[in-house]
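Working notes, beginning with the structure itself.
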Amino acid sequence: ISHQMFIDLQMEISEIKAKFRKSYRALINSGQREWDTYVLDSSGVDIWNEFRDLHKEASGRLTRSELSWSLQYDSILEGNAFLVYLRDSTGRMIGAGYFTLTRDECDYAVASYDRELFDRPVGHVVIWKAIHEAKSRGVKWLRIGKRFFPGISPLPSKKEISIAEFKEGFSTNLFPQYIIKMR
């Protein structure tokens, strides 16, 4: 069994925000005042390449093939995904999150943030904007990721646990996911 964290987009925006970890509300507000927020949901290959470069810089290496990046960008062009990105006052991209879509569900697929701003609410603002974007499209749920618990197998990394704890602060629902393996 594993557990998936979701945000119920059928709730009013004010109800969703009220469910957030208390500290997140002020962080979102301050981040929105500090950075400009955008959504790429159509052609914008230069913006997509900036995101790919930011991801490479933040991770310190190429983590996936050019084909996978190309397929993700194609999903944006086909209307099956969008990219939320933030720019600082100089116009530099400081963070972005890629979200895939179906009729009922939006999935927080991949994100990258300027490592020098790790202690700032970049990710908070990206998720907040994605909530608004997915809700405006009539999507019912935003899946933000897996919630790890002690004792699960395989044992998650410290990074995976840290990311899950961050995302949990946005979650309105936690659902079990049963995995059945045939022997």
| task | Please report the closest heavy-atom contact between S2 and I179, naming both atoms and the distance. | result | OG-CD1, 4.1 Å
| query | With under 30° as parallel and over 60° as perpendicular, where do the rings of F99 and F82 fit, or are they tilted in between? | reply | parallel
| said: Looking at every heavy atom in both A164 and M5, which two are closest together, and how far apart are they? | reply: O-CE, 3.6 Å
| request: Please name the pair of heavy atoms, one in S42 and one in L77, separated by the smallest distance, quoted to 0.1 Å. | output: C-CD2, 3.9 Å
| Any side-chain heavy atom of F20 sitting closer than 4.5 Å to one from I131? | yes
| field | Test side chain to side chain donor-acceptor pair (under 3.5 Å) applied to T90 and D88, step by step | value | CA-CA 5 Å; T90 68; D88 66 13; 2.6 Å; yes
| request: Measure up the Y85 and Y38 rings against each other and bin them: parallel (under 30°), tilted (30 to 60°), perpendicular (over 60°). | output: parallel
| request: Give the minimum heavy-atom separation between A96 and L83, together with the two atoms involved. | output: CB-CD1, 3.9 Å
| request: Can you establish whether the number of heavy atoms outside Q10 located under 6.0 Å from its atom CD is more than 12? | output: yes
| query | Counting only heavy atoms not in K17, do more than 12 sit closer than 6.0 Å to its NZ atom? | reply | yes
| task | Measure from the ring center of W48 to the ring center of Y98 and say whether it is less than 6.0 Å. | result | yes
| said: Using every non-hydrogen atom in the two residues, find where V139 and L9 come nearest and quote the distance to one decimal. | reply: O-CB, 3.3 Å
| task | Using side chain to side chain contact (heavy atoms under 4.5 Å, CB included) as the criterion, list what pairs up with A111, not counting sequence neighbours. | result | Y108, Y113
| field | Cationic tip of R64 above W69 ring, under 6.0 Å, 45° of axis | value | yes
| H124 and W128 aromatic centres sub-6.0 Å | no
| E78: what forms a side chain to side chain contact (heavy atoms under 4.5 Å, CB included) with it, not counting sequence neighbours? | D74, N80
